[in-house]
**Student:** 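Before we start, here is the structure in question, set down as structure tokens.
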Amino acid sequence: MSVVTRRHEELHETIEDELPDAILDFDEHHNAPAVVANPSRVDDVVRILKQNGYNHLSSVSAVEYDNRYESVYHLRRITDDREDFDEINVVAPADPDEPAVETVSDVFKGANWHEREAYDLMGIRYDNHPDMRRILLPETWKGHPLRDEYDVDQPQYTTLEAHANPIEERYEVENDAALDTMFLNIGPHHPATHGVLHLKTVLDGEVVVDVDPDIGYLHRCEEYLCERLDYKYQIMPYPDRWDYVSAGMLNEMAYARCIEDLAEIDVPEYAQVIRVLAQELSRIAAHMLAVGTFALDIYGELNVIFMYAFKDREIVQEMLEDLSGQRLMFNYLRLGGVAYDLPEPRDEWFGKIRGFLDDLPGKMDEYRSLLEGNELLRKRAEGTGILEPETAKEYGCTGPVLRGSGVGYDVREVDPYGYYDELDWDVVTYDGCDNLSRVLVRLGEVEESARLVEQCVDILESWDGDREIQSRVPRSITPPAETENYTAVEGAKGELGIHIVSDGTEKPHRFKIRSPCFSNLAVFSELAEGEYLADMIATLGSLDLVFGEVDR
Amino acid sequence: MLDKSKTPISERREGDVDPRMNSKLREMFGSIPIVTTTFDKVMNWARASSMFPFQFGIACCSIEMMHAVAIKHDMDRFGAGVYRNSPRQADLMIVPGTINAKLAPRVKRLYDQIPEPKFVVSMGSCTISGGPFQEGYNVVKGLETFAPVDIHVPGCPPRPEALLYGVMKMQEKVKRGESSPVTVKPYEIRELQDWSRDEVAEFFEDELEPDTLVMNYTHSPELSGSADVEDGVNETTPATEGEG
Amino acid sequence: MVTFNDAVADLLGVDGFSPLVEFIVGIVGASIVVSVMLTIIGISAVWLKRKWNARLGDRIAVNRIGPAGLMVMPADALKLFSKEVVVPEDVDRIGYKLAPMLAAATVLAAFAFIPFGSGLQIADPETGLIFALAFASLSAVPVVMAGYSSKNKYSFLGFEREVAQAIAYEIPLVVSALAVVPLVAVFADTSAPLRMSNVVTAQQGPLLGVTGLPIPNWFIFAQPVAAVLFFVSILAEFSRNPFDLPEAGSELVAGYLTEYGGVNFVLLFLAEFAAIYFGGALFTALFLGGGSGPVLPAVVWFLGKTFVFYLVVQWFRATIPRVRIDQLLEFGWKYLLELTFLNLLLTAGILWVVL
Amino acid sequence: MMGVLRSLGVTAKHALKGDTFTVEYPDESPGISPRFRGTHKFSLSRCIWCRMCEEVCPNGTIDIKTNEKREGEEYNLNLGQCIYCRLCEEVCPVDAIILTQHFELNAGTKAELEYNMDDLMDVPWYKGMDPLEAREPDRGAWIGTDEEDDVWETAESTYAD
């Protein structure tokens with residue numbers, strides 16, 4: 001009996017002993033066992049699990065069934081020991097007429113936003129939630145669009161009166177009305193938001209007293225659309241558009257992993273190596289953009305770091321274009337493999353990659369002397385936007401944001417997939433917990449990715465076996481009804497998870513995206529409050545948010 | 001003036017003379033045809049050669065837009081590389097990305113804040129028609145449903161070269177004096193300037209269906225009888241987006 | 001050195017002009033200076049800035065509008081002047097409209113005191129240096145007007161920063177400039193060391209008056225600390241990178257410029273670049289020996305040196321990150337102020353000992 | 001202070017070297033890779049009107065109209081809506097639709113981007129090269145194992161008729 005199974009049995013006993021009335025049932029999901037909890041006691045169940053080491057709430061998704069609404073909590077265990085990795089799900093079935101579940105936002109602060117999203121899109125009300133508002137759709141939206149009975153064509157009219165102008169809002173600081181503050185709307189159009197984020201900021205002089213991120217300006221109904229598309233053909237182009245900064249390969253891998261796991265599709269080894277190669281090139285490009293735009297936030301427009309970073313991105317994008325046919329929206333991975341073999345002539349393409357890898361150390365030196373070595377930048381970025389590791393875990397931050405706080409959680413390492421296990425690489429962590437550490441983690445990861453790319457190129461160059469790029473996949477993929485699976489991969493921004501609930505057809509019944517940026521943004525107000533306005537902007541840059549992924 | 005804004009966009013773009021150029025200066029020079037032609041030519045050349053794009057990133061296409069400005073493609077070669085953050089100083093609005101119900105009023109407002117003459121490039125499938133997300137519940141089916149567009153650049157996302165090509169075409173179009181005309185702006189309706197929203201609503205009572213005088217998230221022409229007027233009413237608030 | 005009027009009088013072989021002719025000749029001189037400066041500023045603000053930034057970033061920048069992209073200047077100017085002027089409804093109209101004019105006027109007026117060399121100096125009062133520095137500090141006023149009258153919170157924050165910054169860097173600017181005055185008194189052997197022409201004259205000899213040294217007596221060699229301090233203060237005073245807080249693009253959209261478009265924007269933009277040139281001209285006159293240099297006429301040397309100053313400022317802009325407002329003020333009050341005073345005292349002390 | 005100076009040195013080196021990375025499109029060729037997915041080209045003589053492309057399209061870009069005898073009448077494709085995912089080309093059993101490298105395209109109105117059969121047939125080949133040669137989709141793996149409704153066979157038999 002393995003460590004994990006034994007732990008699950010012990011857990012069963014603990015939960016049943018301590019909370020006999022909170023447990024309805026035990027269930028088995030495809031990825032992990034599930035505890036079916038009484039909706040009004042679900043917070044106690046999650047709290048017990050947290051005490052037992054499940055310290056990372058990956059996602060909360062809401063699923064509609066004929067006779068109930070379920071809210072599914074995916075918990076993970078983050079420790080330093082890789083063998084210790086483990087996950088568990090908590091299911092809270094709610095009444096179909098007036099779905100209500102007790103909130104877990106007092107156990108995990110990160111649940112706050114996830115539950116708001118579930119309320120917004122599925123209409124499950126969370127009792128005792130501190131801030132039960134819509135999050136993605138406008139406040140005055142009618143209906144909950146992911147419900148089956150939602151009518152897409154219904155007119156969405158709202159009187160002007162109800163659609164209050166946010167500019168007219170007045171802010172009052174609690175308990176201190178005399179405090180002189182200024183309310184400032186940053187965004188949705190603002191050069192530092194890198195997209196369309198609206199920050200309702202309250203300033204006391206130049207110091208940020210309160211900030212409330214308002215998202216949803218790029219909510220593109222990704223989950224809704226994916227639930228209406230075919231597993232095999234049609235969903236694959238959409239993941240490219242979540243984290244759109246040419247991290248598409250990583251997103252596609254998230255989807256491919258989830259459905260390959262669920263439908264038990266094997267991937268040939270050759271294709272797996274190509275996948276790793278493509279993913280790591282994607283990661284280099286994505287991190288380059290993060291570094292460039294962080295510099296943009298601190299320097300102002302037209303600075304050289306931005307230009308140099310984009311130069312490297314161009315080179316990487318050219319290789320990816322040769323491989324997949326597009327610069328950003330690759331649509332390259334397929335269930336059971338990849339779409340095409342490497343571009344011909346292969347030697348030329350490998351030469352391009354090797355040339356880039358050879359130049360990279362020199363370029364990294366330049367970046368480091370411009371970023372890390374520059375005292376003025378250190379003065380700006382060091383010690384600002386402090387994210388303590390405990391807070392980060394509490395909010396479910398992942399990726400470079402978490403690793404910048406010294407926690408070495410990397411899905412590629414703890415829950416290996418694809419070919420990563422066969423390759424040699426390290427997890428980069430810095431424990432400065434500040435803006436600079438997060439940027440340095442990204443620079444370090446570019447180097448690690450380059451190492452991985454080099455190994456893949458070596459393997460592919462000396463490959464003498466069968467170049468099988470796709471395994472035999474059934475013509476239509478129909479996972480058995482009511483199976484659930486949650487898997488995650490390490491995207492450019494962190495743990496990118498997919499939760500699929502199937503209903504026995506060719507299309508998913510529920511398609512939930514756990515986006516790392518969403519959780520990383522949720523922690524933003526903790527980071528920004530008490531900082532100067534300029535540092536708040538820098539912090540926003542160091543979190544590296546992509547709104548296609550935040551809003552989906 | 002209101003009648004003009006009611007005609008569909010497709011009809012408004014017809015016609016030879018560009019009403020954008022109907023400035024006081026042109027009226028002044030208008031009696032001397034030779035001067036007018038030369039003057040127009042020079043002005044059109046200047047407008048085409050110096051386009052300050054508005055830095056407005058929405059989604060995936062904005063990454064390619066950044067690439068178009070950045071090192072490899074360098075849009076500045078065409079004199080169109082000075083990005084301005086404030087709409088007051090911009091004249092080329094590249095709209096790169098999906099517009100949804102929540103964002104659409106903001107895009108409209110930003111468009112209105114750009115001083116004349118202004119040019120709009122709609123970049124990518126999302127901005128043209130909703131693209132991959134057009135079946136979504138809150139996605140606006142194209143920029144053209146609520147703002148005039150001069151050039152559509154298809155692609156998902158278009159290559160930076162395609163955007164450059166689009167901007168070049170835009171410049172050619174401006175040089176030749178073809179570009180879509182001005183829509184009436186709320187502040188041009190002088191009589192409405194100091195009114196509150198309720199008074200505006202009363203004023204338009206006869207002309208409008210009662211339920212069109214509201215926010216319309218879907219922006220589909222069938223649902224809003226006269227979307228332009230309604231949007232105009234929205235914009236009578238003096239506040240600006242940049243005002244915080 | 002002589003003022004423009006004297007030079008013209010010399011040329012015509014007359015002893016002096018009647019007040020009316022003096023006035024007319026003065027106007028002519030002023031127009032020459034202003035048009036030269038406007039041309040240079042136009043080239044640098046629109047064309048050179050792009051080209052130089054592009055070069056730092058491995059790009060090409062504007063090259064398709066006319067030869068080497070030079071025609072972009074008339075295009076930009078024509079386009080901006082013909083843009084619709086939008087005056088937002090809630091603004092304080094007087095301030096909003098006056099600020100751009102004032103901004104351009106104050107900076108251009110300040111050039112009157114600059115000794116360009118070759119007889120191109122409009123006014124040379126005995127307290128020229130103080131006048132010039134006073135005009136330099138005046139440049140904060142239109143920014144405050146623009147920011148306050150715009151009724152925009154970003155503009156408001158921008159002007160608040162400008163006020164804090166201008167006050168903090170005013171004194172270091174003046175005091176670091178004053179450090180050269182004792183040297184002027186010594187080397188030019190004059191009782192009017194604040195006269196700008198005397199400042200330049202004092203730098204014409206060999207270094208520290210020692211004959212045989214191949215290095216010119218530019219005060220940047222005699223007073224290197226003061227030169228650095230003055231350079232930093234001038235960057236802060238005219239809010240250039242890394243001290244461009246009032247306009248900080250990524251934080252405040254466009255700072256105090258946010259609500260300005262069309263003609264008003266042109267004037268503010270022009271004033272901004274004119275300020276860099278004015279800073280460069282002051283730096284050249286105070287530390288780089290004014291128009292001193294071989295072969296070419298003095299005015300060419302002078303303008304060339306300001307050009308270099310401008311390029312350096314733009315180079316800093318591309319490479320050095322913007323500081324935060326509290327760091328800026330801390331640096332200004334806690335270090336720069338003390339250092340400048342220390343430098344002034346040291347200069348005075350050394351001179352007292354030596355002489 | 002040394003760090004700041006070193007940063008200045010890095011940029012100065014770039015400026016003095018004077019290398020440019022810019023590709024001067026349109027004077028220089030934009031360097032498009034052979035697999036690039038641009039505007040579609042349609043071949044009427046190849047098309048067997050099997051409607052596979054219409055079915056696979058994720059957002060309903062392709063609109064095919066046939067008469068009662070399943071003979072094709074119209075083939076409409078909205079380029080302003082297409083996401084250029086190339087699924088239509090991959091799924092096509094007879095290479096009747098191909099994404100060319102052509103991307104220099106724009107339109108004044110949305111409606112101009114709605115291409116019909118004739119427009120799609122007129123799309124230029126890119127500099128005389130045959131896009132088919134650049135394509136190597138592994139259709140055998142793509143179309144599947146299920147023998148009964150193997151599209152390959154269905155398609156080929158239809159084509160033979």
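Note: hydrogens, waters and symmetry copies are ignored here, and every other heavy atom, side chains too, is used. Reminder, nothing fancy here: chain letters follow the sequence lines and each chain counts from 1.
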**Student:** Could you look at L136(A) and say if it's the side chain, the backbone, both or neither that has a heavy atom under 4.5 Å from chain B?
**Tutor:**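 The answer is the backbone of L136(A).
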**Student:** Starting at OG of S129(B), measure out to NE2 of H152(B) and round the result to the nearest 0.5 Å.
**Tutor:**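 These two atoms lie 9.5 Å from each other.
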**Student:** Is the NZ or CZ atom of R552(A) positioned over Y238(A)'s six-membered ring, under 6.0 angstrom from the centre and within 45° of the axis?
**Tutor:**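 Cation-pi check for R552(A) and Y238(A): fails.
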**Student:** Looking at H190(A), R228(A), E222(A), which has the largest count of heavy-atom pairs under 4.5 Å with chain B?
**Tutor:**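 Answer, by heavy-atom pair count under 4.5 Å with chain B: E222(A).
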**Student:** Distance from K72(B) atom NZ to D74(B) atom CG, nearest 0.5 Å?
**Tutor:**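 So the NZ of K72(B) and the CG of D74(B) are separated by 12.5 Å.
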**Student:** Chain B: which of D214(A), V546(A), D240(A) shares the most heavy-atom pairs with it under 4.5 Å?
**Tutor:**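 When all of D214(A), V546(A), D240(A) are compared, D214(A) has the most.
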**Student:** Check R283(A) against G491(A) and note the closest heavy-atom contact, atom names and distance.
**Tutor:**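 Between these two residues, the closest heavy atoms are NH1-O, 3.1 Å.
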**Student:** So which heavy atom on V245(A) is nearest to which on R313(A), and how close?
**Tutor:**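 In terms of heavy atoms, the two residues are closest at O-NH1, 3.6 Å.
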**Student:** Which bit of L218(A) is near chain B, if near means a heavy-atom gap under 4.5 Å: side chain, backbone, both or neither?
**Tutor:**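 For L218(A), heavy atoms of backbone and side chain both lie under 4.5 Å from chain B.
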**Student:** Please classify the contact between F310(A) and chain B as side chain, backbone, both or neither, with a heavy-atom cut-off of under 4.5 Å.
**Tutor:**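 Interface part for F310(A): both.
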**Student:** Select one option (side chain, backbone, both, neither) describing which atoms of L229(A) are under 4.5 Å from chain B's heavy atoms.
**Tutor:**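 Looking at L229(A), nothing touches chain B.
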**Student:** Against chain A, work out which of P157(B), P87(B), S62(B) has the most heavy-atom pairs shorter than 4.5 Å and name it.
**Tutor:**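 When all of P157(B), P87(B), S62(B) are compared, P157(B) has the most.
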**Student:** Non-hydrogen atoms of chain B under 4.5 Å away: do they reach the side chain of E318(A), the backbone, both or neither?
**Tutor:**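 The side chain, not the backbone.
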**Student:** Out of T127(B), V95(B), T98(B), which one pairs with I58(B) under the side-chain contact (heavy atoms from CB on, under 4.5 Å) rule?
**Tutor:**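 It is V95(B), the one option of T127(B), V95(B), T98(B) that forms the side-chain contact (heavy atoms from CB on, under 4.5 Å) with I58(B).
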